[in-house]
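This structure is a prediction, so every number in the text was calculated from the model and none was measured.
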Number of protein chains: 2
Amino acid sequence: MAYSDRGLAAGGSARLGGNTHGDEAWAEFARSPRVKTNRYEAHDVVFFEGDPAERIYELIEGAVMLYKLLPDGRRQVVEILGPNDMFGLLSSRQYDCNAETLTPAVIRVVDRRDAEQTLAAQSHITRCLLAQMEALHEHAVLLGRKSAYERVSSFLMRFVAGRGTADCPGPTAAGRDEHVIALNMTRQEIADYLGLTIETVSRVISDLKRRGLIAIEKQDRIRITNVCTMCHQTGTQ
Amino acid sequence: MAYSDRGLAAGGSARLGGNTHGDEAWAEFARSPRVKTNRYEAHDVVFFEGDPAERIYELIEGAVMLYKLLPDGRRQVVEILGPNDMFGLLSSRQYDCNAETLTPAVIRVVDRRDAEQTLAAQSHITRCLLAQMEALHEHAVLLGRKSAYERVSSFLMRFVAGRGTADCPGPTAAGRDEHVIALNMTRQEIADYLGLTIETVSRVISDLKRRGLIAIEKQDRIRITNVCTMCHQTGTQ
DNA sequence: CGATCATTTGACACCGGTCAAGTTTTGTGG
DNA sequence: CCACAAAACTTGACCGGTGTCAAATGATCG
């Protein structure tokens, strides 16, 4: 109740996105004593599919993947999350997927009922959900319609901020169009995200290397030698 | 502003799902004169990807599909929506996909800014988003990890209300375990939803028929002769 | 009843999966 | 820092599930 009032006072107008107004209210809400902030090691499990969904989470620092398993062990990573993404949000009573850190992470933990009663949370959450929704749409295209090459290329491009989108400014006029990426994922995790096998991911990466499109600095550290060329391999253009 | 106040008075507590409280407020909001209700024919386009996202939509009756296109014409249907689902919700300024009716439909149209300023809308919208999110996760598993047989079987099971979920009650003790489905989709639309080709969809359906699992009453009207058996073909068990 | 469109079926090719080594990287203990 | 083991990754050979292309069949609607 107290949070609810505070949320109202600070937030007031609730938006579907495009504003940064609700965030101040959310930040204030996050400072309340009932909101905890936890540290996780890499590859810690935050929650399992089927666990009672009593908390919601906000990733402050690091990376988290959400995945689902089929009874025979096949795995699909459904989302890869970065700072400011929220997860564990659900309309049902149990989590619909597993959440595991990819890197050491700092995660804010909020009691579900607290958030439900807080308007500032609503607005903040909706904005997060909408962005994630778009990412899921894009990922459905990748999984349903792209070749292995296009999947891996799209995956690499996703780490290059500001490029590969519809409003891509193109390479800066001066110098080379390079970019170094820290994957923070094993080949298996990449494969399970892209709907491929580990061997196929490995083969495509080797081939990109052979063709000079990328250089492997360290197994999970890849240099894209020409971002613009890589972008043309994604199928999205 | 007026809507905002009304939403507050009627709604009060905002929830992340599981309640039906915000819905009354939403229903009242929907009755306001600025909210229009439109009728569409089958295969009408509601909006195109890239159109300025100035309105949000609530499907009252009928079915709608959302799809994305790659520059070379490949298509992926990312969501199939039914009554009470909302669409056109976005954090960015333009729609991220195309929306097209599958059947004649009744659709409520709300100005985006009106909804953004209405708390009742927030709560209602969040609930819809969460449910759609879960559906998208499930669909990612289908697209990334299921065989053609499993995809088509999963697709058919999705039309059997209350079965195939984790808490499936199983067949009713008495009599046969049949169910008749109206697809309302062409083979091409099904293929584009399942990430397959039209030929593969057709072959799988023919094969299910040959094996006696389904009977085709009319091209887009299929009888599942044994729901429980069909369910075991989905890979989800 | 014919024209048009949707669907089915067949033959074949190829992408990506499977299985089985190798090779490299990482981590641990001396 | 090195030695060794374990894990992660790469590479090769082969196969099978889907896609592609083409033709036949079936539905729909004047």
Side-chain angles (χ1 to χ4, degrees), chain A residues 41-43 70 72-77 102-104 141-156 181-211 214-222 233 235, chain B residues 41-43 70 72-77 102-103 142-156 181-211 214-222 233 235:
Chain A
E41 297 298 309
H43 301 286
L70 289 175
D72 63 2
R74 282 175 286 179
R75 180 172 78 158
Q76 178 64 44
V77 175
L102 289 169
T103 63
V141 175
L142 180 145
L143 292 173
R145 291 301 179 206
K146 290 190 177 180
S147 71
Y149 270 88
E150 292 170 332
R151 293 185 200 200
V152 173
S153 303
S154 301
F155 175 71
L156 294 176
I181 287 167
L183 296 182
N184 290 319
M185 294 173 76
T186 66
R187 296 286 184 270
Q188 186 65 65
E189 286 158 353
I190 297 171
D192 287 344
Y193 180 55
L194 300 180
L196 300 169
T197 59
I198 190 174
E199 293 95 334
T200 300
V201 171
S202 182
R203 267 187 264 268
V204 171
I205 289 178
S206 295
D207 210 65
L208 290 172
K209 182 170 53 176
R210 214 168 295 129
R211 288 159 55 196
I214 60 173
I216 280 99
E217 316 242 302
K218 229 176 110 267
Q219 252 167 207
D220 67 341
R221 206 178 161 73
I222 290 180
Q233 309 266 318
Chain B
E41 298 298 310
H43 301 286
L70 289 176
D72 62 3
R74 282 176 285 180
R75 180 171 78 158
Q76 179 63 45
V77 174
L102 290 169
T103 64
L142 179 145
L143 292 173
R145 290 302 178 204
K146 290 191 179 182
S147 71
Y149 270 83
E150 292 170 332
R151 293 184 200 200
V152 173
S153 303
S154 302
F155 175 70
L156 294 175
I181 286 167
L183 296 182
N184 290 318
M185 294 173 76
T186 65
R187 296 287 185 269
Q188 186 64 65
E189 285 157 352
I190 297 171
D192 287 344
Y193 181 55
L194 300 180
L196 300 169
T197 58
I198 190 172
E199 293 95 333
T200 300
V201 171
S202 182
R203 268 187 262 268
V204 171
I205 289 178
S206 296
D207 209 64
L208 290 173
K209 182 169 55 176
R210 215 168 294 127
R211 288 160 53 195
I214 60 173
I216 280 97
E217 316 244 301
K218 230 176 111 261
Q219 251 165 213
D220 67 342
R221 205 175 162 76
I222 290 181
Q233 309 266 318

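- Spacing between atom CZ of B:R74 and atom C1' of D:dG19 amounts to 13 Å, rounded to whole angstrom units.
- Between A:R151 and B:R210, the one whose closest nucleotide on DNA chain C sits nearer the 5' end is B:R210.
- At least one side-chain nitrogen or oxygen of A:S206 sits closer than 4.0 Å to the OP1 or OP2 atom of D:dT11.
- Within the nucleic acid shown, B:I205 has no heavy atom closer than 4.0 Å to any nucleic acid atom.
- Counting distance only, with no hydrogens placed and no angle test, the side-chain atoms of A:Q188 and the base atoms of D:dC9 include no donor-acceptor pair under 3.5 Å.
- When the nearest nucleotides of DNA chain D are assigned to A:R187 and B:S147 by heavy-atom distance, the more 5′-ward of the two goes with A:R187.
- Checked by distance alone, A:E199 brings no side-chain donor or acceptor within 3.5 Å of a matching partner on the base of D:dC9.
- Candidate nucleotides C:dT8, C:dT7, C:dT26 were compared by shortest atom distance to the side chain of A:K218, and C:dT26 ranks first.
- Residues B:R75 and B:Q188 meet the side-chain proximity criterion, which asks for heavy atoms closer than 4.5 Å.
- Put simply, B:T186 has no side-chain N or O that comes within less than 4.0 Å of OP1 or OP2 on C:dA6.
- The side chain of B:A148 has D:dT18 as its nearest neighbour among D:dT18, C:dT18, D:dC9.
- Residue A:T200 has a polar side-chain atom (N or O) positioned under 4.0 Å from OP1 or OP2 of C:dG17.
- For the side-chain contact (heavy atoms from CB on, under 4.5 Å) criterion with B:V152, the lone passing option out of B:I205, B:I190, B:D207, B:T200 is B:I205.
- Inter-residue side-chain proximity for B:I198 and B:D192 is flagged as unmet; no heavy-atom pair is nearer than 4.5 Å.
- For A:R151 (side chain) and A:L143 (main-chain N/O), a donor-acceptor pair under 3.5 Å exists by modelled atom type.
- Side-chain N/O atoms of A:T197 include one lying less than 4.0 angstrom from OP1 or OP2 on C:dG17.
- Rounding to whole angstrom units, OH of residue B:Y149 and P of D:dT18 are separated by 9 Å.
- Side-chain to base pairing of B:R203 with D:dG17: no donor and acceptor N or O lie closer than 3.5 Å to each other.
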